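Step one of this worksheet: look at the structure below.
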Amino acid sequence: MTEKPDFLPSASRRNPPRQIVFIAFDGAEPLDLAGPIGVFSRAEEQVPGTYDIRVASIDGAPIKTRSPLTLGGIEPLSGIAGNIDTLLVAGGNEQAIRRAATDPALVAWLATHAKSARRVGSICTGAFVLGAAGLLDGRAVTTHWAAISALKEYFPQARVEPDAIYRIDGRICTSAGVTAGIDLALALVKADLGHAVAAAIARDLVLFLHRPGGQRQFSSTLEAQAAESDLFSELLVWMLEHPQADLSVPALADRAAMSPRNFARRFLQEVGKTPARHVLQIRLDHACRHLEKTAWTIDRVAERSGLKTADTMHRVFRQELGLTPSEYRSRFAAGS
């Protein structure tokens, strides 16, 4: 059961409910729909009368997703009437997105109805459909990491941010791959109904409340998990768990029972980056998490993350993120 917060905003002010329309098509990624729809549905359970959630396609036929799952209950776009609060376009495989972004009827419908919608957005590669409708120009946007280069190429007037989990730029919102659509939906619900409602939904879905949109799609943790290196698999996990340890090449080489020179060479081959670069990213990730989740001083965060001093941490943040640690905390800390 969804946990209801002590205070719930009154739904009586919103009559009729806000109409949330998801645009789908054959080849859509089912999680791009199910995840965000689950967030809005739980918000409606908590505050009845808040949202009217619809899933629509050009013809209203059942959607054959990119998985064995076929989705029913789809409405034709022509049947969507009344004021649309939020339009969200699902992502999908390359062929599906190419068909959707070049479908004259779909693109024309989206371009027309986007003018009056309060918010228009995409999950994952749905950003290409927004771009085809002329909605990305001049906007800060993102998409799945594997499609970033293509998005830049096809829509050069968009300000594509390759690392962001999601971006909300005015009334246009975009998100990275699959589960990032849940993060975006939580952010939209939080904007509509407040922190307490979003927090209860996140707990019900067993999620972090809010991965900030400016966080990177790839953390050092994900990169270590993705590394196909039997040689360094245990060492990579140990490094993640011990950012304060001596992570110099000689110390790591000793732990791996290799010479420093051979270790540095093999690490670059296996992991795809130098040991020093990987260590820096691990410590930066730890520092970011501490800034987001604790009220520790900058000095303490620097010490606990292995960056040692506030001066070093300030320099790394400016160099890697373009923000000071204090700016990062004010932007991304839980509840901010």
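This one's a predicted model, so the numbers in the text were calculated from it and none came from an experiment. One is the number of the first residue; the rest follow in order along the sequence.
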Would you check, one step at a time, whether the test side chain to side chain contact (heavy atoms under 4.5 Å, CB included) holds for S57 with I23? CA-CA 6 Å; S57 67; I23 298 177; over 6 Å; no
Apply salt bridge (Lys or Arg N to Asp or Glu O under 4.0 Å) to residues D26 and K64 and explain how you reach the verdict. CA-CA 5 Å; D26 283 346; K64 298 177 181 178; 5.9 Å; no
Taking it one step at a time, do S67 and T65 satisfy side-chain hydrogen bond (donor to acceptor under 3.5 Å, both in side chains)? CA-CA 5 Å; S67 74; T65 71; 2.9 Å; yes
For R54 and F22: C-alpha separation, side-chain torsions, deciding distance, then whether side chain to side chain contact (heavy atoms under 4.5 Å, CB included) applies. CA-CA 6 Å; R54 323 284 285 274; F22 287 84; over 6 Å; no
Can you list the steps and then say if L110 with V89 is a side chain to side chain contact (heavy atoms under 4.5 Å, CB included)? CA-CA 9 Å; L110 179 59; V89 182; 4.1 Å; yes
Between I63 and T70, does a side chain to side chain contact (heavy atoms under 4.5 Å, CB included) hold up when you go through it step by step? CA-CA 5 Å; I63 294 295; T70 297; 5.9 Å; no
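If you take OG on S326 and NE2 on H314, they are separated by 7.5 Å, rounding to the nearest 0.5 Å. Atom OG1 of T50 sits about 11.0 Å away from atom CG of D85, to the nearest 0.5 Å. Taken to the nearest 0.5 Å, the CG atom of D183 stands 11.5 Å off from the CD1 atom of I123. To the nearest 0.5 Å, atoms OG (S122) and CG (L184) are separated by 8.0 Å. Atom CD1 of I97 and atom CZ of R66 lie 9.5 Å apart (nearest 0.5 Å). The CE atom of M258 lies 7.5 Å from the CZ atom of R265; values are rounded to the nearest 0.5 Å.
In this structure, the side chains of I58 and F25 stay at 4.5 Å or more apart for every pair of heavy atoms. Between K190 and V197, every side-chain heavy-atom pair lies at or beyond the 4.5 Å cut-off. Considering only heavy atoms from C-beta on, S41 comes within 4.5 Å of I53 through its side chain. A heavy-atom distance below 4.5 Å is not found between the side chains of R318 and M313. For the pair F317/E327, no side-chain contact is recorded, criterion being any heavy-atom separation below 4.5 Å from C-beta on. Using a 4.5 Å heavy-atom cutoff, the side chains of H278 and F267 are in contact. You'll find the side chain of C288 reaches within 4.5 Å of the side chain of Y328, heavy atoms only. For the pair L247/L252, a side-chain contact is recorded, criterion being any heavy-atom separation below 4.5 Å from C-beta on.
For the pair T112 (side chain) and W109 (backbone), a donor-acceptor distance under 3.5 Å is absent. Side-chain atoms of S305 come within 3.5 Å of backbone N or O of A302 as a donor-acceptor pair. Here the side chain of R171 pairs a donor or acceptor atom with the backbone of A117 at under 3.5 angstrom. Not a single donor-acceptor pair under 3.5 Å links the side chain of T142 to the backbone N or O of S175. In this structure, the side chain of E44 engages the main chain of G49 through a donor-acceptor pair within 3.5 Å. Within the 3.5 Å criterion, the main-chain N or O of D169 finds a donor-acceptor partner in the side chain of R139. Judged by distance alone, with hydrogens and angles left aside, the side-chain atoms of T143 form a donor-acceptor pair with the main-chain N or O of C124 at under 3.5 Å.
What you find for A253 and F263 is that their closest heavy atoms are CB-CB, 3.6 Å. Listed here is the closest heavy atom pair of V249 and P260: CG1-O, 3.7 Å. For the pair L31 and P36, the tightest heavy-atom approach, listed with the atom from each and the gap, is O-CD, 3.6 Å. Here the shortest heavy-atom pairing between L77 and A56 reads CD2-CB, 3.5 Å. Here the closest heavy-atom approach between residue A127 and residue T174 is recorded as CB-CG2, 4.5 Å. Nearest approach of L188 to C173, heavy atoms of both residues: CD1-SG, 4.3 Å.
With salt bridges taken as basic N to acidic carboxylate O contacts below 4.0 Å, none links E303 and R283. A salt bridge does not link D52 to R18: none of the charged nitrogens lies less than 4.0 Å from a carboxylate oxygen. Electrostatic pairing of E234 and R255 does not count as a salt bridge here, judged by no charged N lying under 4.0 Å from a carboxylate O. Between D192 and R119 there is a salt bridge, since a side-chain N of the basic residue sits under 4.0 Å from a carboxylate O of the acidic one.
V107 and L136 fall into different hydrophobic clusters, where Ile, Leu, Val, Met, Phe, Trp and Tyr are joined by side-chain heavy atoms under 4.5 Å apart, directly or via other members. In this structure, L268 is not a member of the same hydrophobic cluster as F232, with clusters built from ILVMFWY side-chain heavy atoms closer than 4.5 Å.
Taking the six-membered ring where tryptophan is involved, the planes of H290 and H286 are tilted, since the angle between them lies from 30° to 60°.
When only modelled atom types and interatomic distance are considered, Q244 and K308 share no side-chain donor-acceptor pair under 3.5 Å. Y51 and Q19 share no donor-acceptor pair across their side chains, judged by distance under 3.5 Å alone.
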Hey, can you pull the donor-acceptor pairs under 3.5 Å for the side chains in residues 148-156, sequence neighbours left out?
none

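Residues forming a side-chain hydrogen bond (donor to acceptor under 3.5 Å, both in side chains) with D246 (at least two apart in sequence, or on another chain): S248.
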